[in-house]
Trainee: 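Got a structure here, written out as structure tokens. Questions coming.
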Amino acid sequence: MPNSREKGKRGELELSRLLRDYGYDTRRGQQYCGSNGDADVVGLPGIHIEAKRVEKLNLRAAMEQAKQDASPEELPAVFHRRNREEWLVTMPFESWIQLYREAMADADQSGTDN
């Protein structure tokens, strides 16, 4: 298991760096067996990140973990990637539609200011 734990840590660091490249002040969460409620990567406001850097992912189990660990103010999301592939984000439909509606409302408001 040490190799998979190291790969997970590297994946969390990689994802955190990628999010920082987009301007978000992210870092690896505290890893104490999930006892503190931190996400794998913290600093993306309103999103609870479960990061998985594996070849074979049990997506339902990962999503269930994200749902259980997310606070009521956070939307659960699984960020996942295989070797030599891009990062993907999976989230419940209700969470995605909430983000989409907020983005469209912001777009509508910015369009009326001109």
Side-chain angles (χ1 to χ4, degrees):
M1 277 301 172
N3 286 341
S4 63
R5 192 180 342 258
E6 278 300 308
K7 187 173 185 179
K9 177 182 174 180
R10 286 192 311 269
E12 292 163 6
L13 290 169
E14 176 188 330
L15 178 58
S16 180
R17 281 192 296 271
L18 178 63
L19 290 167
R20 283 196 306 270
D21 289 347
Y22 280 85
Y24 297 96
D25 185 20
T26 57
R27 63 171 173 79
R28 275 187 77 220
Q30 300 299 313
Q31 301 298 306
Y32 300 108
C33 302
S35 61
N36 64 352
D38 261 355
D40 290 340
V41 175
V42 296
L44 197 61
I47 305 293
H48 179 92
I49 297 175
E50 185 66 33
K52 298 295 183 186
R53 180 69 173 73
V54 296
E55 294 305 298
K56 293 186 179 190
L57 174 61
N58 182 337
L59 189 53
R60 294 198 183 279
M63 181 55 66
E64 195 55 41
Q65 183 178 355
K67 286 179 179 180
Q68 288 176 4
D69 293 348
S71 72
E73 303 82 38
E74 295 176 313
L75 300 175
V78 178
F79 288 63
H80 50 101
R81 166 172 118 68
R82 291 180 179 169
N83 289 337
R84 296 173 294 283
E85 292 187 13
E86 65 186 336
W87 280 97
L88 301 174
V89 180
T90 301
M91 58 192 331
F93 177 81
E94 290 298 323
S95 297
W96 181 85
I97 202 73
Q98 180 180 338
L99 287 178
Y100 184 77
R101 285 179 174 164
E102 289 171 7
M104 290 297 96
D106 289 347
D108 288 346
Q109 284 183 343
S110 65
T112 59
D113 292 343
N114 293 333

Trainee: Do you know which two heavy atoms are closest between Gly43 and Pro45, and how far apart they sit?
Mentor: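 Nearest pair, atom of Gly43 first, then Pro45: O-CD, 3.2 Å.
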
Trainee: Below 4.5 Å, heavy atoms only, C-beta onward: do Asn83 and Glu85 meet side chain to side chain?
Mentor: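 Not touching, per the 4.5 Å side-chain cut-off.
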
Trainee: Looking just at side-chain N and O atoms, do Thr90 and His80 make a donor-acceptor pair shorter than 3.5 Å?
Mentor: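 A pair is found: one side chain offers a donor N or O, the other an acceptor, under 3.5 Å apart.
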
Trainee: If you compare all heavy atoms of Ser95 against all heavy atoms of Pro76, which two are closest, and at what distance to 0.1 Å?
Mentor: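 Smallest heavy-atom distance, with atoms named: OG-CD, 3.7 Å.
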
Trainee: Rounded at 0.5 Å granularity, tell me how far CE in Met104 sits from CD in Gln109.
Mentor: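 Those atoms lie 12.0 Å apart.
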
Trainee: Any side-chain to backbone donor/acceptor pair from Gln68 onto Gln65? Under 3.5 Å, distance only.
Mentor: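 Here the side-chain-to-backbone pair does not exist.
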
Trainee: Does the side chain of Arg81 reach to within under 4.5 Å of the side chain of Glu86, using non-hydrogen atoms?
Mentor: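 Heavy-atom side-chain distance check fails, nothing below 4.5 Å.
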
Trainee: Tell me whether Arg20 contacts the main-chain N or O of Thr26 through its side chain, where contact means a donor paired with an acceptor under 3.5 Å.
Mentor: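 A pair under 3.5 Å: yes.
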
Trainee: Do Val89 and Val42 share a hydrophobic cluster (ILVMFWY, side-chain heavy atoms under 4.5 Å, transitive)?
Mentor: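 Different hydrophobic clusters.
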
Trainee: Is any side-chain heavy atom of Met91 closer than 4.5 Å to a side-chain heavy atom of Val78?
Mentor: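 Counting from C-beta outward, Met91 and Val78 never come under 4.5 Å.
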
Trainee: Please check if Leu57 and Leu15 belong to a single hydrophobic cluster, counting links between Ile, Leu, Val, Met, Phe, Trp and Tyr side chain heavy atoms closer than 4.5 Å.
Mentor: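 No.
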
Trainee: Quick check: do Pro92 and Lys67 have side-chain heavy atoms less than 4.5 Å from each other?
Mentor: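 SC-SC contact between Pro92 and Lys67 confirmed.
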
Trainee: Would the distance check show the side chain of Ser16 and the main-chain N or O of Val41 forming a donor-acceptor pair, the cut-off being under 3.5 Å?
Mentor: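 No.
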
Trainee: Under 4.5 Å between any side-chain heavy atoms of Arg10 and Lys7, yes or no?
Mentor: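 The answer is yes, as the side chains (C-beta and beyond) meet within the 4.5 Å cut-off.
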
Trainee: Listed by chain and number, what are the ring-ring contact (aromatic ring centres under 6.0 Å, His included) partners of Tyr100, not counting sequence neighbours?
Mentor: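 With sequence neighbours excluded, Tyr100 shows a ring-ring contact (aromatic ring centres under 6.0 Å, His included) to Trp96, given in chain and number order.
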
Trainee: Hey, what do you get for CD1 (Ile47) to OH (Tyr24), rounding to the nearest 0.5 Å?
Mentor: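 The distance works out to 9.5 Å.
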
Trainee: Would you compute the distance between atom CG of Leu59 and atom CD of Glu64 and round it to the nearest 0.5 angstrom?
Mentor: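 Here the rounded value is 11.5 Å.
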
Trainee: Among Arg101, Glu94, Glu102, which residue satisfies the side chain to side chain contact (heavy atoms under 4.5 Å, CB included) criterion with Gln98?
Mentor: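 Single pass found, and it is Glu102.
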
Trainee: Hey, is Glu12 close enough to Arg53 for a salt bridge, meaning N to O under 4.0 Å?
Mentor: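 Here Glu12 does not pair with Arg53 in a salt bridge, since their nearest N and O are not under 4.0 Å apart.
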
Trainee: Quick one: closest heavy-atom pair of Asp69 and Glu50, and the distance?
Mentor: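 Closest approach of Asp69 to Glu50: OD2-OE1, 4.4 Å.
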
Trainee: Would you compute the distance between atom CG of Asp40 and atom CG of Leu13 and round it to the nearest 0.5 angstrom?
Mentor: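 Answer rounded to 0.5 Å: 11.0 Å.
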
Trainee: With rounding to the nearest 0.5 Å, note down the distance linking CH2 in Trp87 to CG in Leu18.
Mentor: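 Answer rounded to 0.5 Å: 8.0 Å.
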
Trainee: Atom CD of Glu74 and atom CD1 of Ile49: how far apart are they, to the nearest 0.5 Å?
Mentor: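 Nearest 0.5 Å value for the CD-CD1 distance: 9.5 Å.
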
